[in-house]
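Down below is the structure, laid out as structure tokens.
Every chain is numbered from 1, with letters handed out A, B, ... down the list of sequences.
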Number of protein chains: 4
Amino acid sequence: MRANPSKLPGMRRQPRQARSQERVNQILDVAEQMFIAEGYNATTTKAIAARAQVPIGSLYQFFPDKEAILQALATRYTEQLHQRFTKLHAAEITNLPLSTYVERVIDATNQFFTDYPGYHAIFMQVQGIMSELEAIETTVDVQLIRDWASYLSQRYSNWEHADYDAIAFVLVKAIGTLLWLSLSQEKSFRQHLVAETKRLTLSYLQSYFPDSLTRSN
Amino acid sequence: MRANPSKLPGMRRQPRQARSQERVNQILDVAEQMFIAEGYNATTTKAIAARAQVPIGSLYQFFPDKEAILQALATRYTEQLHQRFTKLHAAEITNLPLSTYVERVIDATNQFFTDYPGYHAIFMQVQGIMSELEAIETTVDVQLIRDWASYLSQRYSNWEHADYDAIAFVLVKAIGTLLWLSLSQEKSFRQHLVAETKRLTLSYLQSYFPDSLTRSN
Amino acid sequence: MRANPSKLPGMRRQPRQARSQERVNQILDVAEQMFIAEGYNATTTKAIAARAQVPIGSLYQFFPDKEAILQALATRYTEQLHQRFTKLHAAEITNLPLSTYVERVIDATNQFFTDYPGYHAIFMQVQGIMSELEAIETTVDVQLIRDWASYLSQRYSNWEHADYDAIAFVLVKAIGTLLWLSLSQEKSFRQHLVAETKRLTLSYLQSYFPDSLTRSN
Amino acid sequence: MRANPSKLPGMRRQPRQARSQERVNQILDVAEQMFIAEGYNATTTKAIAARAQVPIGSLYQFFPDKEAILQALATRYTEQLHQRFTKLHAAEITNLPLSTYVERVIDATNQFFTDYPGYHAIFMQVQGIMSELEAIETTVDVQLIRDWASYLSQRYSNWEHADYDAIAFVLVKAIGTLLWLSLSQEKSFRQHLVAETKRLTLSYLQSYFPDSLTRSN
DNA sequence: TATGAATGAGACTTCATTCAT
DNA sequence: GATGAATGAAGTCTCATTCAT
């Protein structure tokens, strides 16, 4: 159903030879590091090319402009996220208690942010850089929301009045933001934040179960 | 972009004369609009000065550099937010049911985003622009988190094992992100998102009440 | 733009195979269109190759560099002009009244400019592109001037003190310039210009006839 | 009736201070030389700035882009030409024999080309560079044609069926082209060309006098 | 103090030409 | 021979900031 995973949109030329593909990855890796370290605007195409050991002309043969590098990075993240989600839920789909499920999901997300520090770091900036609508479509989370909405609607098809898309949106964005922000907090506070994120998620999901009646303070 | 060797945070000079204060506000208003419309980087100091009808030289008397305008904008938001929070809670501190309280808070936050569209729009971009730690300190939310943590710890001092700072952090960031993102969604989905944000908040806070026991899926 | 160290004038290889000749013509046709439409400098060799459906590598087998394409174009024009001139004068050499001869020549020239709009359009630009002397030699008109001087010196060998080369030069350049410039004028003014060009030519040639005595204003 | 002569269109800023005006002239002088020597395209803005001893940034403060320099140069030529024409005809308007008038005009034009070698050299190239219509309006000759048409229509108001605009166009363009091209010819041929240009002009003008009847060859 | 002309490093991108396959 | 990916010097123009007036 998905497009060929190795087809990065925004790329000028589809490298067919190993050397080209290698170069594209070099460029992407370097760009990722530099975007994180210096910011998108402060990173020059010349510097990316230099650090990637690729002539600037070649860089522009693969990517029509600087923004296309960002696009390609986004696509790469999307693929990685989708894979992780699929793998996790393939295992998780069995009947685990909700609290355990939440635990696992948050931990996995946390791990993802550690493995790919650029994920949020880069795409926060991008909001104000790309043309508005494009940016929204580009937002890497879109695929993840789709995945999660699909999972929830299958697993908990009995929830009433549930808009699975909205729920998935809320989960992805809230968890994503909180865990990402937690990364730059002091260790002790960071742990609290992770714990609170789990509680937030759990209580939110629980609220959808029939026996979860309204309570007052 | 020449670096400023004597980098002073905030404003260079506290204008004491009415005309100066007026000019500073002019500049801030114009900068806010332009940062939203064009992005921080694409907005030139010259353009700000021109639209604000202030000579570029004068602009640089009030603000040591471009970033200082952002700082000043952040400060202004912080003050506005603090005021709103205080006003709201001054009234709200009376014993409203939690669900009503949540309702009011979310609606007020929503209103704030409508009144000050620059709030999130601008500070999302800024992450990658400012030096990392500085950016975090600058984040306007800091004051709001402080306010809310303080409020919660007074109001619900009986919660056990509660880290009010973490709770406030989670609330501010989750609510802020979700409502802000909801702004750019289609009306119908937007309304769902707001409703879900209320549910998220409510169930999270409820989870702190003693009678809120664990339930399985 | 790397200079070509072994600069060969004209074409690198005389294509002997039909396919090659076809490709060369394709290239020339496309180059002609693009030079007119976009200008010589704005037209890239890659674009010419692409539109001509010829690999860029092959283009460079036929033409040592971009300028050689211009040269080849010039040569092609020269041949076409020479043919037309010959054909016209083969018929015209009979004893037509001078006014009729002028009429026919101007009309034919006009037709040529319509048929080959690149003729002047391209070679005006070239002045500033090619090295000075080369440019002059390249000027396509050279052959035409030779043809005309030869014709005049045979037909009007009785003219005294006549420098047929200079006369032909004057005729070719004046007529060429005026008719070419007339092309971009409004229709009504254009017609006046053509008529004036005829008058200019006729009165100039008439001035060489013995009975054409000096008159005062 | 004409706009302020010191107002060069295409300029970004009207220099009010002596130093600025000096710089603009510096830039224009240097650009003129380089456009002649290397061609418009081969001349870089950086090189102009360097040779004019003006920072590149300042150059761009006076001229929005490279083409504006050409425009300014055109305007400068137009003014100079207009002045010369006016001066010459102020004296010439007295009743000189036509042949003498022609002699004087051609000689003066020749002198102009010697004094301002860039006049034709530059604007020949420009045809294919500027946007079409703009180029035509820009062409420096426009003012000269206007001047001459005006002069002729006053002096020879008795000519019948005469379109003074077309006549002036023909004269300016034919004389201009021939004399300019003569510059790059060998001395002896050059002299013939100048003589022929005079003959061309004289016989053309004479053809407008009543007693100038049609003659056959 | 107020002004705005001056500065120049550096950003992004292009393109004629080559040469390994 | 035929191909087209690779190359990198060089081009135009921007803009935050300063400082002489």
- [ ] For C/Thr45, answer base if it contacts any base atom (sugar-phosphate contacts may also be present), sugar-phosphate if it contacts only those atoms, and nothing otherwise; contact means non-hydrogen atoms under 4.0 Å.
- [x]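 The answer is base, as C/Thr45 lies within the cut-off (heavy atoms under 4.0 Å) of a base atom.
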Donor-acceptor pair, distance only, cut-off 3.5 Å: does the side chain of [X] make one with the backbone of [Y]?
X       : Y       : answer
A/Asn25 : A/Leu28 : no
A/Ser58 : A/Val54 : no
B/Thr43 : B/Met34 : yes

Task: Phosphate OP1/OP2 of E/dA11: any A/Thr43 side-chain N/O under 4.0 Å - done: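 Answer is no, no contact under 4.0 Å.
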TODO: For F/dG1, take OP1 and OP2 only and decide whether either is under 4.0 Å from a side-chain N or O of C/Arg23.
DONE: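 No, outside the criterion.
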Measure from [atom1] on [X] to [atom2] on [N] and round the result to the nearest Å.
X       : N      : atom1 : atom2 : result
C/Asn41 : F/dA10 : CG    : P     : 17 Å
B/Lys66 : F/dT14 : NZ    : C1'   : 11 Å
B/Tyr60 : E/dT1  : OH    : C1'   : 19 Å
A/Met34 : E/dA11 : CE    : P     : 10 Å
A/Glu22 : F/dA6  : CD    : C1'   : 15 Å
A/Ile27 : E/dT13 : CD1   : P     : 14 Å
A/Phe62 : E/dT13 : CZ    : P     : 17 Å
D/Leu59 : E/dT7  : CG    : C1'   : 13 Å

TODO: Please determine, for the side chain of C/Ser58, which listed nucleotide (E/dC12, E/dT17, F/dT3) has the closest atom?
DONE: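 Nearest to the side-chain atoms of C/Ser58, counting from C-beta on, is F/dT3.
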Open item on the list: Using Watson-Crick or G-U wobble geometry with both distances under 3.5 Å, which nucleotide pairs with E/dA20?
Closed with: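 Base-paired to F/dT3.
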Open item on the list: Pairing check on E/dG10: which nucleotide meets the Watson-Crick or G-U wobble criteria with it, both distances under 3.5 Å?
Closed with: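 The base-pairing partner of E/dG10, which may sit in any strand shown, is F/dC13.
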Task: Electrostatic pair A/Arg76:A/Asp29 at N-O distance under 4.0 angstrom - done: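 Yes, A/Arg76 and A/Asp29 are salt-bridged.
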Open item on the list: Given the ring of C/Tyr40, does C/Lys66 sit roughly above its face, with NZ or CZ under 6.0 Å from the centre of the six-membered ring and within 45° of the axis?
Closed with: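 Positive - C/Lys66 is close enough to the ring of C/Tyr40 and near enough to its axis.
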Task: Residue whose nearest DNA chain E nucleotide is more 5′ - C/Gly57 or A/Thr44 - done: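 This one resolves to A/Thr44.
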TODO: Let me know, please, whether A/Ile56 or B/Lys46 comes out on the 5' side of the other along DNA chain E by nearest nucleotide.
DONE: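 Mapping each residue to its closest nucleotide by heavy atoms, the 5'-most match is B/Lys46.
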TODO: Please tell me which of C/Val54 and B/Ala42 maps to the more 5' nucleotide of DNA chain F, matching each residue to the nucleotide holding its nearest heavy atom.
DONE: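 Its nearest nucleotide being more 5', the pick is C/Val54.
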Open item on the list: Any N or O donor-acceptor pair under 3.5 Å from the base of E/dA5 to the side chain of D/Gln61?
Closed with: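 Answer is no: no donor-acceptor pair is held.
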